[in-house]
Structure formats: structure tokens, C-alpha cells
Amino acid sequence: MSTEEKSLHFIEQIIEDSLSNGFPKDKLRFRFPPEPNGYLHIGHAKSICLNFGLGLKYNAPVNLRFDDTNPAKEEQEYVDAIKEDLKWLGFDWTEELYSSDYFQQLYEWAVAMIKNGKAYVDSQSSEDMAIQKGTPTQPGVDGPYRNRSIEENLALFEAMKNGDHPEGSHVLRAKIDMKSTNMLMRDPLMYRILHRHHHRTGNDWNIYPMYDYAHGESDYIEQISHSICTLEFVMHRELYNWFLDQIYDTNQVRPHQYEFARLNLNYTVMSKRKLLQLVQENIVNGWDDPRMPTISGLRRRGYTAASIRKFCEIIGVAKRENVIDFSLLEFCLREDLNKTAPRVMAVLDPIKLVIINYPEDKEEWLEAENNQEDESAGFRKVPFSRELYIEREDFLEEAPAKFFRLSLGKEVRLKNAYIIKGEHVVKDASGTITEIHVTYDEDSRSGSGSEASQRKVAGTLHWVTIKHAIEAEVRLYDRLFIDEAPDSHKEKNFLEFMNPNSLEVIKGFVEPSLATVQAGEKFQFQRLGYFNVDKDSTEDKIIFNKTVGLKDAWEEKGKKEENLLMNTQKEINKYVKEKEENNAFLILNSIIANIKSIDNYSLIIQTVVKNIKNDNNALLFSNLILQHSDKVKVKDIDAETLTKLYTMSLKSQLAAVRILAIENLQVDLTNFNLFENQLSELKKIEKNEKVLQLLTHLKI
């Protein structure tokens, strides 16, 4: 096997096998078939890159076909947005087609199926049909209309088409097998009545085909050779083939369906329904809100098409579902922007810095490199004068040994400029520092070649001159959810995991070279991250969106939270062993504060479950988390797991564990009733006064 063959993903291997078995290469044809009921998201990008990538690899046509069979949810806005996203990603299609182009043909085929005894009109309610369909372990039963005469079916179907019946009164069903082990084959729906305006066909139709019927037949009309779907359509393949069997002409190409694993990304949701909910409830500012996982949202935030294509290439095409870390997408973006984004200086939390030995009327224009990763990017001039802004966090009046920024008596370099030394500060009446006064070494200018300029100092700070700085609005975006799987928790609404800090709007100052920036331009704010110009910007007001930080802050935060929980568990041991009451109280308060600071819901749940074991300190830890975490409630814990926790805790030799378990049961009324007998028995033998007081208060 050649190196090239080894690198093929399984879809490519299927195509190679088709060609090896005699399928003509000029008959290869692919399609990307979105439903225009929402904006495309990053999950669609994987399918786009796969289908259009195959077209490029095999020099084969790729159609853009809108599966517009549900006018209740589809709009022209979505069609336009999808086309814009595809072009932005760098792909073009052979033909722009619509399932609605085929409504007449689909209708005629449905009539032929009725005539062949392969379809019938069912007039039952959807509830009755669902009952008759059975379950995965129980076969379905025939409905009362399954054996209607062909003549009656044809007349009813014609009347449905003409708009003579209300929505929900009739459906057309395929007549297959109500006892099939595949429930999708138990007489699936083909048509339903919808008196809705269609964005392309207007009010011409009163019946609309179901996706499972229209999709495969549309593939056949377009002569698609390889119809590539995501894994949730595996069970649909049998139905896809059955519908093709009814119309297939051996002189034509017969499409074949193949399935690959969809993209699952943590810290987000991929359901169009849930994304639409975010938009409709004004939780975000539209489909292109930079926090959304939509392609338009990512584009507005500052993502590049190249970074998204690279991400899709890295994750590859597989048969098995897995969850990809959002950090990988951000890595691909950083890698691309690092090569292309010009470096500039901006200060987002400014504090005034005065160089007291720099002449008041002096002004210099210093040379600054635009991008050290790109030699062709060249240099620009930045102004320098006596009064500057630096970041507030870059100064400490009294700094620890490993603080490599500015402090009194210490030296740092100003980027592209001079070495400065902290001298003293000016404070307001409340004691807040309002100015930092420094001195500079006149001989230390960057790039001057002087001995002083080559002197090594602890750190380098970015800055802007107050006189020349341009005020800008800066939107600091972060992930929309604080949990890695916000829509995967039973009994929890995904909206409960919204990140309250996903957007912060601040005023910042940028260097004057950015005075004429245009929407979509991207920059690295040195030492701060990558930013792009938002479309809301005007000549009078520049708006920057934070695209991504220079480092993976979420990975750092995740590690910090994991380490904090591990260290907190060690503090439990100290708390239990501490004899002095005041010291124990302080340790306990520290433990509770740590628990409250953890945002990661999944991590907290895992920690609770992991610590339900025959160990007093571990049980104490689980009960403390349950009582003090504002991210996890009793109802979030599996009932069996919770029962185990209470049972073991009430039997614990440690009074503190028993106390916490009783307190948790007090607010957990469902389980309290289940444990009344155990609490009564405990009351009879309990010797600890605090535990007895609690039990007596419960009046059991």
C-alpha cells in the first residue's frame, strides 16, 4: 500500500474502491444539502470541507442543494447566509439547487407509488399513529386506513394537494412493514399538509414532502454518486434505499448513502433549535453574535477561513463519535493569526505613566516591527512622549520577587522604546494610584545599538502615548458556556450553564496607526491577544472584538480548578485533625470558599461521585460540595448515587459527616422521606450533642 493510500480517510477509500470496481470517474458527483432553517455552524464546516474537498480531489462537481421541504421553519435569510458562509470558507458550487425544484416530480412519484400499492393516506391523529408504530422491542400493528383502496387514496391525496383539508387531518405514508425491526421502516410519513407560504414556491403547494422521502429522491434526480451524511442517519439508509427502489432506472446512477461522525465540540451547543432559542430570547445578539458557534459568528469574532479549514483537516473524517476540545479550534486560529496578524499596541485597563526626566515638549516617532513572523510585513512608526498609558496590572507598588513588570525601584523596557525605572506614585483621596512616575535611560532606546540599549531587564511592557492614543470600544468575548457539555445533563436546562462573563464591554486606547482600520481587519494587541474590527465600527467609533487570547486561558483555568479541588481535599484532612476550634473554623471557611469558586459543573459532579466511598474525609468532602456549591444541586446527582452517599454518611464515625448529611437531607425532601427510619434509628444510638440537636429538631 502506498503512502498516499495509507493517508486516505474511509470515505476516500470507499470512492477509490468504487473507481477500482469500474465506476466511471466522470460520473462522480457530490452535494452539500443544508436545510435553510438556521445559520450554518462549525459542525457544518466539517461536512462542507468533506464534500467540497472530495470535489476538488476528484475534480468532480459539487452541488449546493437546499433541502427546503418545511416552509414552517425555512426563510430566504438563511439561504443567503449559507451561501455567504460557503464562499467565505473558500468553496464554490457547481449548481445551486433546491428540493423545491423537484416538488412536481416528487408528487408524481408519490402518485405512482399509491397506484402500485406502495403508499396510502392515513387519517389518524399523530398520537394514534405513534401508538400503532410500537416500540423497538414491540412490533407495530396495521392502522385502520392501511388498506384503503387505490382510488380513495388517489382522491384524498389530490384533495390534500388542492388544499381541501386542514393541517393534521391526513398524511401520506409509505406502505412498507409495520413489524420491521427498523422502526423507520414502519410505514414512514411521505407527505404532510402545510398551508404555509414557501420562500420559493409561494402558495403553490399545500402538501410538502418529508425529508426522508425528498432527500434520496433529490440525490437521484441530481445523479449524486456518493451521498454523505452524519452517523444519525445510519438507520435511515434502509429507508433511503427503499425509496430509491421504487423509482430506480438501471440506466441511471444510483446514489449510495455513507455516514461519518459529526463534529461534537465541547463548551458549546450544536442544535439549531437551541441556537435559535438563544437568538429568539435575546440571550445573544443575533446569529452572528461572536460568541455563537455559527460560521457567521466565528467570522465576526475574527476567525479566519483558513483556520477553520485547518481545524477540519486535523480532526479528520471518522466513523466513531467523539468530542473535540474547543481549544484545538483556538489553536488552529492562533497558528494562522500568528503568521498574518500585524502587531500593534493597545492598552485596555489604562493607568497614567509620566516619565519625569523626559522633556515635556519632546515627541519622537519610533520604529516598530509589524510582524516578526513575516519579514515582508515591514515596520511602522509609533509616537513616543512624556505621558503614556500602560496596563494597570503591569505595575505593583510593592512587588514579589517573581513579578517581572514595573515596580518602584525596578527597571523594565517599554516596547520599541526605552528602559524606565519606577520612582514614586500619585494617589487619590481613597488611596488608589492615579499616576506612576518613572525615569528613563536616554541611551537605552531599542535598536540604537548603544551599550545601554542592550542591557537586559526583567520585562517588557506595551504602551500608548496619551497625546496620540485613539479611544476604542473593546468587546471582550469569552466562551458562551461554563460547562464542557451544557446540553448533556438530565434535568438541567442548557441555559443554566450560560457564562455570565461571556461578554465585557470596556473602553481602551490604541496606537494612532489604527485610525483608519476597516471592518474585518485583524491585529495582535501585543501581550493581550488577537482582536479584529467589528462591523459596528464607524469613522467616529472604532470597535474591536477579542478573537482569542495569546494563551489557552480555559485550559489554564481547568487545570487550576482541578488542582484547587485536589488541594482542597488535602485541607479536609487538616480540618478534621485540627483540635483548636478557631483554626478549624478558618480552615473550613477556606474549604467552602474554594468549593464556591469552582465553575466547572461536570468537574464538581465527578468529584462528588468519586468521593462517595468508605472514607470519612471523602464523604465529608462530597457533603460539603453538595451543601455549598452553587453550581450543583441535589437533583443533579443520580438517585442511586445520592442514596449511597446518604447511607454511608449517616453511618460515618465522623460526627461532622453525619451533621452535613442530615443538613443536606433537610433540604432534600424527596430523600428525607426515604431516610426517616434510618434517622430514627440513628437518634436512638447517637451520642454527639450537635447531631442529637439536629435530629431532635427534625421531630422524627
Side-chain angles (χ1 to χ4, degrees), residues 334 337-348 350-391 393-396 399 401-424 435-470 509-516 522-531 550-551:
R334 284 191 197 94
L337 290 176
N338 184 50
K339 299 170 188 171
T340 59
R343 275 54 167 167
V344 296
M345 290 192 288
V347 176
L348 304 187
I351 186 169
K352 185 176 181 180
L353 181 141
V354 181
I355 307 172
I356 55 178
N357 63 333
Y358 194 92
E360 289 189 24
D361 57 349
K362 186 177 179 180
E363 185 178 294
E364 301 179 69
W365 287 81
L366 306 175
E367 197 168 69
E369 193 174 16
N370 287 327
N371 187 343
Q372 64 269 31
E373 301 292 326
D374 179 7
E375 290 182 6
S376 66
F379 293 81
R380 71 189 185 285
K381 295 290 186 178
V382 292
F384 186 83
S385 57
R386 175 186 171 91
E387 295 184 348
L388 314 172
Y389 284 134
I390 66 168
E391 297 288 348
E393 68 171 18
D394 281 344
F395 175 78
L396 281 180
K402 292 188 177 181
F403 184 74
F404 300 122
R405 302 177 207 179
L406 181 62
S407 59
L408 296 183
K410 299 288 179 67
E411 287 187 329
V412 294
R413 174 172 290 284
L414 294 174
K415 181 74 176 172
N416 305 309
Y418 297 95
I419 293 173
I420 58 171
K421 181 181 178 182
E423 300 293 348
H424 60 272
E435 290 185 14
I436 305 162
H437 288 192
V438 301
T439 53
Y440 86 118
D441 182 342
E442 187 177 0
D443 295 328
S444 65
R445 181 167 57 84
S446 294
S448 65
S450 68
E451 185 178 339
S453 72
Q454 296 172 35
R455 191 164 82 249
K456 300 297 181 185
V457 290
T460 301
L461 308 185
H462 61 278
W463 50 273
V464 291
T465 57
I466 294 176
K467 179 181 178 181
H468 301 89
I470 297 172
F509 294 92
V510 299
E511 65 176 68
S513 69
L514 300 178
T516 58
K522 299 164 179 58
F523 302 92
Q524 183 195 104
F525 288 180
Q526 291 183 312
R527 299 178 65 235
L528 297 175
Y530 294 98
F531 292 74
L550 296 177
K551 294 181 179 179

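Arg386 places a side-chain N or O within 3.5 Å of a backbone atom of Tyr358 that can act as its donor or acceptor partner. With hydrogens and angles disregarded, no donor-acceptor distance shorter than 3.5 Å links the side chain of His424 to the backbone of His437. Of the possible polar contacts, one joining the Glu391 side chain to the Leu348 backbone as a donor-acceptor pair under 3.5 Å is found. Between the side chain of Ser444 and the backbone N or O of Ile419 there is at least one donor-acceptor pair closer than 3.5 Å.
Side-chain atoms of Thr340 and Lys522, non-hydrogen and from C-beta on, never get closer than 4.5 Å to each other. Lys381 places a side-chain heavy atom less than 4.5 Å from the side chain of Glu367. Contact of the Thr465 side chain with the Glu363 side chain is not registered, since no non-hydrogen atoms from C-beta on lie closer than 4.5 Å. Annotation: side chain of Asn416 is in contact with side chain of Met345 (closest heavy-atom distance under 4.5 Å). At a threshold of 4.5 Å between non-hydrogen side-chain atoms, the residues Leu550 and Tyr530 count as touching. Annotation: side chain of Val412 is not in contact with side chain of Phe395 (no heavy-atom distance under 4.5 Å).
Atom CD1 of residue Ile356 and atom CD of residue Glu423 lie 5.5 Å apart, to the nearest 0.5 angstrom. The distance from the NZ atom of Lys421 to the CG atom of Leu406 is 11.5 Å, given to the nearest 0.5 Å. Here the CD1 atom belonging to Ile351 is positioned 12.5 Å from the CG atom belonging to Leu388, to the nearest 0.5 angstrom.
Residues meeting the side chain to side chain donor-acceptor pair (under 3.5 Å) test with Asp374, sequence neighbours left out: Ser376. In this structure Asp394 satisfies the salt bridge (Lys or Arg N to Asp or Glu O under 4.0 Å) test together with Arg405, Arg527, sequence neighbours excluded.
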> Can Lys352 and Glu387 be said to form a salt bridge (charged side-chain N to carboxylate O under 4.0 Å, His left out), step by step?
Replying inline: CA-CA 7 Å; Lys352 185 176 181 180; Glu387 295 184 348; 3.6 Å; yes
> What do the steps show when you test Glu373 against Lys339 for salt bridge (charged side-chain N to carboxylate O under 4.0 Å, His left out), and what is the final call?
Replying inline: CA-CA 6 Å; Glu373 301 292 326; Lys339 299 170 188 171; over 6 Å; no
>> Determine whether Arg455 and Asp441 satisfy the following criterion, side chain to side chain contact (heavy atoms under 4.5 Å, CB included), listing intermediate values before the conclusion.
In response: CA-CA 11 Å; Arg455 191 164 82 249; Asp441 182 342; 3.1 Å; yes
>> Set out, in order, the CA-CA distance, both residues' side-chain angles and the distance that settles side chain to side chain contact (heavy atoms under 4.5 Å, CB included) for Leu353 and Leu461, then state yes or no.
In response: CA-CA 12 Å; Leu353 181 141; Leu461 308 185; 5.8 Å; no
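Annotation for Glu442: atom CD does not count as buried by contact number, only 12 or fewer foreign heavy atoms lying within 6.0 Å. Residue-environment remark: NZ (Lys456) stays at or below the threshold of 12 foreign heavy atoms within 6.0 Å. Around atom CD of Glu360, no more than 12 heavy atoms belonging to other residues, nucleotides or ligands sit under 6.0 Å away.
Asn370 pairs with exactly one of Arg343, Arg380, Gln524 by the side-chain hydrogen bond (donor to acceptor under 3.5 Å, both in side chains) rule, that one being Arg380. Between His468 and the choices Phe509, Trp365, Phe384, the ring-ring contact (aromatic ring centres under 6.0 Å, His included) rule is met once, by Trp365.
Side-chain atoms of Arg413 and Ser446 include a donor-acceptor pair closer than 3.5 Å.
Minimum interatomic distance between Ala341 and Asn371 (heavy atoms only, all atoms of both residues): O-ND2, 3.3 Å. Looking at every heavy atom in both residues, Tyr389 comes nearest to Val347 through O-CG2, 3.5 Å. When all heavy atoms of Tyr418 and Arg445 are compared, the closest pair comes out as CE2-CB, 3.3 Å. Across Ser385 and Ile355, no two heavy atoms sit closer than the pair O-CD1, 4.1 Å. In plain terms, the two heavy atoms of Ile470 and Leu514 that are nearest each other are CD1-C, 4.3 Å. Heavy-atom minimum distance, Ile420 versus Tyr440: CG2-CB, 3.9 Å.
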